[in-house]
Amino acid sequence: MTKAHLSPDGLMVLDTPGDYHFEEALVYLNRSESECLHQVEGRTVYKALHTSGGPVLMAIGLDTEEARGAVSIRFRNGVPEPGPREEAARYVREWLDLDTDIGEFLALCASDPILAPIADRNRGLRLIGVPSLLEALCWTVAGQQINLAFAYTLKKRLVETYGTRLEAEGREWRLFPGAQTLAALEPSDLQALQFTRSKSETLLRVARLIAGGELSKEALLLEGMSRAEPALTSIKGIGPWTANYVMMRCLRHPDAFPLTDVGVHHAIRRRLGRTEKPSLQEVEELSAAWSPWRAYATFYLWASLAQDV
DNA sequence: ATCCAGGCTCCTG
DNA sequence: CAGGAGCATGGA
């Protein structure tokens, strides 16, 4: 990965894998009308981000005319200093998964009866992440045992009530609330947004751990994935599904696997042409063949849910 | 209306 | 330890 630099006209072009599947990345990013932390317009994704130099608004191009075959960034509320610029570029690289060689995964898919047709149709799709640990945990806890539409509604309420905003281009852009802000709340504040009592307590627990420095992405990554899972599930309200979801989308462990995920079960059922969902034991057996790429298998299965494969 | 949704905790037996 | 109820609400 080479260092991204700013062209004289203000465009930052990021090295992008030659096989990157821009279209499906855009489809995934644009899957909910209620998404409030970024907005897709054509091949451009607008996203506000906190940096050490303050919030920035990015227009992120995915294979646009001004940067074919690449991901590019144009800053829309003033050009930040080199430091914050690099932070923004790093965020985008991680978010859009620009640095993973998925050759091995695709080879594995080729001989897998469940994944082969999905990989065929989505070849080159990368795992869109959630780089912020707080945001990833909040999103995942919010999404426990409810449909995705309602999960987006909850997230939107949380962001609109407690998040920060950035004014640019004549409108307001939302940023996820900071850990300190959430840590100062009471469970009833979140219950008012229709989080369940249990989810409210879990979110505040997580926010306080992060705000107090007892839980951090850096430490989890440093300790390694075999310790990250028990570290996460030791937090009340965070079970194996949530831990693996976060390991998959935030910690970027390529083999994380949310075994009990109903989306995964549904996708497998469809691929097998069944009417009944597979048993957990069957999911375990099938997914064993996807190791050490089970997180990518999961993401591809999710993508297939919105498609006719 | 009824069932299920990108689960987790707690309580049985 | 495995199995099941309760949670709490929105969509289809």
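This structure is a prediction, so every number in the text was calculated from the model and none was measured. Just so we're on the same page: letters track the sequence lines, and every chain starts at 1. All values below were derived from every heavy atom in this structure, side-chain atoms included, with hydrogens, water molecules and symmetry-related copies excluded.
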Q. Between B:dT9, B:dC8, B:dA5, which nucleotide has the shortest distance from any of its atoms to the side chain of A:K236?
A. B:dT9
Q. Looking at A:R174 and A:E172, does any basic side-chain N land under 4.0 Å from a carboxylate oxygen?
A. yes
Q) Any ion pair linking A:R121 and A:D308 (charged N to carboxylate O, less than 4.0 Å)? A) yes
Q) Salt-bridged, A:R126 to A:D99, with N to O below 4.0 Å? A) no
Q) Contact class for A:T140 (heavy atom, under 4.0 Å): base, sugar-phosphate, or nothing? A) nothing
Q) When all nucleic acid strands are considered with a 4.0 Å heavy-atom cut-off, which category describes A:I238: base, sugar-phosphate, or nothing? A) sugar-phosphate
(Q) Counting only heavy atoms and a strict 4.0 angstrom limit, can you tell me which residues of residues 119-130 of chain A come near DNA chain C? (A) none
Q. Hey, where on DNA chain C does chain A first and last touch, going 5' to 3'? Cut-off is any atom under 4.0 Å from a heavy atom.
A. C:dA8 to C:dG11
Q.
By nearest heavy atom, map A:I235 and A:L148 onto DNA chain B; which one lands nearer the 5' end?
A. A:L148
Q.
I'd like to know if A:V40 and A:F299 are part of one continuous hydrophobic network [Ile/Leu/Val/Met/Phe/Trp/Tyr, side-chain heavy atoms within less than 4.5 Å].
A. yes
Q) How many Å lie between CG on A:L232 and P on B:dC8, as a whole number? A) 11 Å
Q: Would you indicate whether A:E65, at its atom CD, is surrounded by more than 12 heavy atoms from other residues, nucleotides or ligands within a distance under 6.0 Å?
A: no
Q.
Once you apply a heavy-atom cut-off of 4.0 Å, does A:Q144 come out as touching a base, just sugar-phosphate, or nothing?
A. sugar-phosphate
(Q) Taking only the P atom of each, what is the distance from C:dG10 to B:dT9 in whole angstrom? (A) 23 Å
Q. Once you round it to whole Å, what is the distance between P of B:dC8 and CG of A:L137?
A. 12 Å
Q | Residue closer to the 5' end of DNA chain C, A:T153 versus A:Q145 (nearest nucleotide) | A | A:Q145
(Q) I'd like to know whether CD of A:E41 has more than 12 heavy-atom contacts from other residues, nucleotides or ligands below 6.0 angstrom. (A) yes
Q: Round to the nearest Å and state the distance from A:L203 atom CG to B:dC8 atom P.
A: 13 Å
Q. So, for A:L49 and A:A88, which heavy atoms are closest and what is the spacing to 0.1 Å?
A. CD2-CA, 3.8 Å
Q. For A:R269, does the CZ atom sit with more than 12 other heavy atoms under 6.0 Å from it, leaving out its own atoms?
A. yes
**Q.** SB check A:E214 A:R208 (cutoff 4.0 Å)
**A.** no
Q: Mind running side-chain hydrogen bond (donor to acceptor under 3.5 Å, both in side chains) on A:Y28 and A:N122 for me, showing each step along the way?
A: CA-CA 11 Å; A:Y28 185 83; A:N122 297 283; over 6 Å; no
Q) Taking the side chain of A:P240 as its heavy atoms from C-beta onward, which of B:dT9, B:dA5, B:dC8 lies nearest to it? A) B:dC8
**Q.** A:R197 CZ - B:dC8 P separation (whole Å)
**A.** 18 Å
Q. Which residues, if any, of residues 257-282 of chain A bring a heavy atom under 4.0 Å of DNA chain B?
A. A:T260, A:D261, A:V262, A:G263, A:K277
(Q) Using a 4.0 Å heavy-atom cut-off, does A:T196 contact any base of the nucleic acid, only the sugar-phosphate backbone, or nothing at all? (A) sugar-phosphate
Q.
With a 6.0 Å cut-off on the ring centroids, do A:F257 and A:W293 count as close?
A. no
Q | Salt-bridge present (A:R249, A:D97; N to O < 4.0 Å) | A | no
